[in-house]
Structures are given as C-alpha cells and as structure tokens.
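Residue numbers start from 1 in every chain, and the chains themselves are labelled A, B, ... in the order their sequence lines are given, proteins ahead of strands. What you see below is based on every heavy atom in this structure, not just the backbone, and it leaves out hydrogens, waters and symmetry mates.
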2 protein chains.
Amino acid sequence: MASRIRAEDWECPLSTTVEQVGEWWTLLILHDAFDGYTRFDQFQGNLGISSSMLTARLKALVADGLLERRPYQTNPVRYEYVLTDRGRSLRPVLVALAAWGNARLAPEERSMVLVAADTGEEVEPVVVDARTGRRLDDSDAYVFAAGPAASADMLSRYAGRVPLRAQGA
Amino acid sequence: MASRIRAEDWECPLSTTVEQVGEWWTLLILHDAFDGYTRFDQFQGNLGISSSMLTARLKALVADGLLERRPYQTNPVRYEYVLTDRGRSLRPVLVALAAWGNARLAPEERSMVLVAADTGEEVEPVVVDARTGRRLDDSDAYVFAAGPAASADMLSRYAGRVPLRAQGA
DNA sequence: CAGTATCCTGTCCGATACTG
DNA sequence: CAGTATCGGACAGGATACTG
C-alpha cells in the first residue's frame, strides 16, 4: 500500500488514486495534520469522528505511508501522528479542493482563506503546467493521453478520442 | 444545492466541499465527461457502475449544477449529460488528484499522462499562487486563515495557530 | 437506448462501554 | 490520553428484472 502500484493494476490515474485515498476522512485528517495537529484527541475533537473510526483511518493512513506514528513520550508511551513527505505531497489536492469550495460554494464573505504565512497576503490557488506556466483551468487544451505503458484495452478506449503519444519512448 | 451555501452552514472550505462533491463516483463521472463522453451507456460501460447507482449520481450531478441534462433527439426523446461551467471548474481538482497518482502511485512507466492538445507535450501540473506564481506544493509558507466571516468558535479553534487576518475588512 | 424498481449484502460510522 | 471491542442503524451500491 505504502508504495507504488503494480503495473498490471494500474489502469487510470484518477480511479486508482481515488481508491487509494480511500475515504473523505483521509483528506480531512490530513487537513488537520497540515494545520499542525498530531494527536488522537485533537483529530477527534476537531473532526467529530468516532474513536473507532479514527483508529481505523489512522491505521490506514500509516499503512499507506501518509502519516508516521511515533512515540512522543515514554511511561506511559504516547503516540503522535506526523506527516510524511508522501503525506505532504497531497497538499495540492487539498488546496485545489478547498479553492473550488471557496470559489463556487462559499458565501460571499468567506470564512476561511489560504494566506501566505509571511506576508499574510491572500493566495489564489490555480493549477498550471510547471513547464509553460499556462493554466490548466477549464480549457480543453489539455487532455489525458495514453503513455508508454498503456495496455491494449486502454488504447482501444482512448483511441481516436485523445492524441496518442509515441509508443516507443 | 446548485448554488452557494448559506453563511451559517459554511464552516470549513474543505469539509463543505467534500460533502458537496458527495462521493467518488462524482469525480469519476466528471472525468468521463471531461473526456467527451455524454451518454448514459458510455458512463456505464466506462465506469462499470450499476444503472441504478448511475441514475442516482447523474441526478445529483444535475441538481448540483455540474452537469446539464438535455435531449439530443426526439421520438423517442433521448438525453445526454454535458458539463456546465460549474462542472468544468472542478477540472483542477481532478488534475491535482491524477497528478498525485501519477507522481506517487504509478508504476515507473506511466500509462496515462496529461498532455497539451496542440503540441502533444507532456504537462506537469502544479498548484501555484496566481498572483506571485509561487508553488504551494509542500511548503509551510501557506496556511488556512480565518476570513472576515469567521465565526467565534472557528476563531477560537484557529487562534494562535495560524495568522488571523484583519476582522474588519 | 435510457432508464426505473426491487432485493440484497457489505460496510461506513456513530454510540457506548471498557482499558492501561 | 490513546486507544480497543461490540452493537446496531443507515445507506452505498451491485444484481436482476422490467419498460417505452
């Protein structure tokens, strides 16, 4: 779970990711972790999740390598949950989700915004192509295409619908 | 559902968005829609979803204003589902999710990548601040802060943990 | 083709109680 | 404080059958 998926099991980046992330609780717990919370009762208090469910979710998060469980005191031993690099790498997903909510769902007077920690300036998160800087927003200028390892049935599904890339390289 | 949320019900951009998006099926159907599919049996064939579940999801999507249901022929009348602007605005979320899967989950030889439709060049999606162009990736340089409409209990939760913005403006 | 209706199973998830 | 164990309801969601 914690690492990469076997090539045979990899079909679609989206559905596989969705399956791996598992449930929405995952994202909400991670959000708390990004806010600096690390402890069981903090998560429980903030999220209003039952202890049994929280236990299950935390176990899954640790098994998936998104959180690390480590003792922060001995006698009695107590554990906290801290983000791994892998966990931190999910931040753009949370940001994109929250940005959409702010733009499309929030009342005019937003209650929660993303700001730069140093300047306090409000941030407007957008998804762009790192190489060209062009926004990926809602244009049809970007499509999902079959890569080198695409299987036959995937190619048949996508054939003619999206530009195929060179198979060799 | 289709429009904004009442101010009293707005607590956290993430949890509210998650609630509104509803289920993972929503994202997967939307992904198909972005690929240009519009019809019931296309969705069903691609996703392997049961017809009853698909009906329910499509209804919710239409009610939420993410898809538009419209007849594409008469006698007998047949319907198709096309993306609305609101639906298209969710694209960055899908892209962020898929990008994470590609980066962290996929086998080395990725099977599906995002490419520019004109050049065929592969795209590397990142989330940045539209104003400064700085990446929001995994840095701690950005935090969620209380906005003008924050309620008292939200402020108490976030007080001291994240920089608060001016209450007045 | 584009659904609707019904049945059925799994499991998400809160409530409650208990533990070192 | 940081969980574990158990119970039970609600519902997600597939299978199947039926319709204009």
Side-chain angles (χ1 to χ4, degrees), chain A residues 1 11-12 14-16 18-33 35-64 66-83, chain B residues 1 11-12 14-16 18-33 36-64 66-83 157:
Chain A
M1 285 287 223
E11 289 196 14
C12 163
L14 188 62
S15 65
T16 309
V18 154
E19 201 168 305
Q20 163 88 170
V21 169
E23 295 145 39
W24 293 112
W25 280 128
T26 299
L27 260 17
L28 297 182
I29 292 171
L30 248 20
H31 178 226
D32 263 35
D35 276 353
Y37 297 103
T38 61
R39 312 237 296 251
F40 194 92
D41 65 326
Q42 293 176 328
F43 293 133
Q44 196 174 7
N46 290 335
L47 301 175
I49 187 178
S50 67
S51 60
S52 48
M53 188 48 41
L54 180 56
T55 298
R57 289 300 104 218
L58 285 175
K59 268 193 179 123
L61 255 358
V62 168
D64 288 349
L66 299 173
L67 290 181
E68 185 196 346
R69 180 179 192 249
R70 68 172 181 214
Y72 67 92
Q73 79 168 37
T74 48
N75 220 287
V77 62
R78 294 271 179 268
Y79 296 95
E80 64 179 350
Y81 299 84
V82 294
L83 283 166
Chain B
M1 282 293 221
E11 289 195 14
C12 162
L14 187 62
S15 64
T16 309
V18 153
E19 203 168 302
Q20 162 86 169
V21 170
E23 294 144 41
W24 293 113
W25 279 127
T26 299
L27 261 15
L28 297 181
I29 293 171
L30 248 20
H31 178 227
D32 262 35
Y37 297 103
T38 60
R39 312 237 298 251
F40 195 94
D41 66 324
Q42 294 175 326
F43 294 133
Q44 195 175 11
N46 291 336
L47 302 175
I49 187 177
S50 67
S51 60
S52 48
M53 187 49 39
L54 180 56
T55 298
R57 289 298 103 222
L58 286 176
K59 270 195 178 118
L61 255 356
V62 169
D64 288 350
L66 300 172
L67 290 180
E68 184 195 346
R69 180 181 193 248
R70 70 174 181 213
Y72 67 91
Q73 80 168 36
T74 48
N75 221 288
V77 60
R78 295 270 179 266
Y79 295 96
E80 63 179 351
Y81 299 85
V82 295
L83 283 166
R157 172 178 167 190

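Remark: Ser52(A) is not in phosphate contact with dT4(D), judged by side-chain N or O atoms under 4.0 Å from OP1 or OP2. In terms of phosphate contacts, Arg39(A) brings no side-chain nitrogen or oxygen within less than 4.0 Å of OP1 or OP2 of dC1(D). Phosphate contact (OP1/OP2 of dA2(D), side-chain N/O of Lys59(A), threshold under 4.0 Å): absent.
For the pair Leu54(B) CG and dC1(C) P, the computed distance is 14 Å after rounding to whole Å. We find that CG of Leu47(A) is positioned 14 Å from C1' of dC13(C), with the value rounded to whole Å. One can place CG of Leu28(A) at 11 Å from P of dG14(C), the figure rounded to the nearest angstrom. Rounded to an integer number of Å, the gap from CD of Gln44(B) to P of dC1(C) is 10 Å. Between the C1' atom of dG3(D) and the CD atom of Glu80(A) lies a distance of 16 Å, rounded to the nearest Å. Atom CZ in Arg78(B) sits about 11 Å away from atom C1' in dT19(D), given to the nearest Å. Atom-to-atom, CG of Leu58(B) to P of dG13(D) comes out at 14 Å; the value is rounded to the nearest Å. When rounded to the nearest whole Å, the span between CD of Glu23(A) and P of dT11(C) equals 11 Å.
Checking dG13(D), dG14(C), dA5(D) against the side-chain heavy atoms of Trp25(B) singles out dG13(D) as nearest. With distances taken from any side-chain atom of Asp41(A) to the nucleotides dT4(C), dC1(D), dT4(D), the minimum falls on dC1(D). With distances taken from any side-chain atom of Ser50(A) to the nucleotides dC13(C), dA2(D), dA17(C), the minimum falls on dC13(C). Nearest nucleotide to the Met53(A) side chain, out of dG3(D), dA2(C), dC12(C): dC12(C).
Considering only heavy atoms from C-beta on, Leu58(B) stays 4.5 Å or farther from Arg69(B) through its side chain. Contact of the Asp32(A) side chain with the Gln42(A) side chain is not registered, since no non-hydrogen atoms from C-beta on lie closer than 4.5 Å.
Tyr81(B) comes within 4.0 angstrom of the backbone, heavy atoms only, and of no base. Across all strands, Tyr72(B) comes closer than 4.0 Å only to sugar-phosphate atoms, never to a base (heavy-atom distances). Residue contacts shown for Arg57(B) are absent, as no nucleic acid heavy atom lies under 4.0 Å away.
Residues Pro76(B) and Ser51(A) each lie close to DNA chain D; by heavy-atom proximity, the contact nearer the 5' end of the strand is made by Ser51(A).
A side chain to side chain contact (heavy atoms under 4.5 Å, CB included) with Tyr81(A) holds for exactly one of Ile29(A), Leu61(A), Val62(A), Thr38(A); it is Val62(A).
With values rounded to the nearest 0.5 angstrom, Trp25(B) atom CH2 is found 10.5 Å from Arg57(B) atom CZ.
Side-chain atoms of Gln44(B) do not come within 3.5 Å of backbone N or O of Phe40(B) as any donor-acceptor pair.
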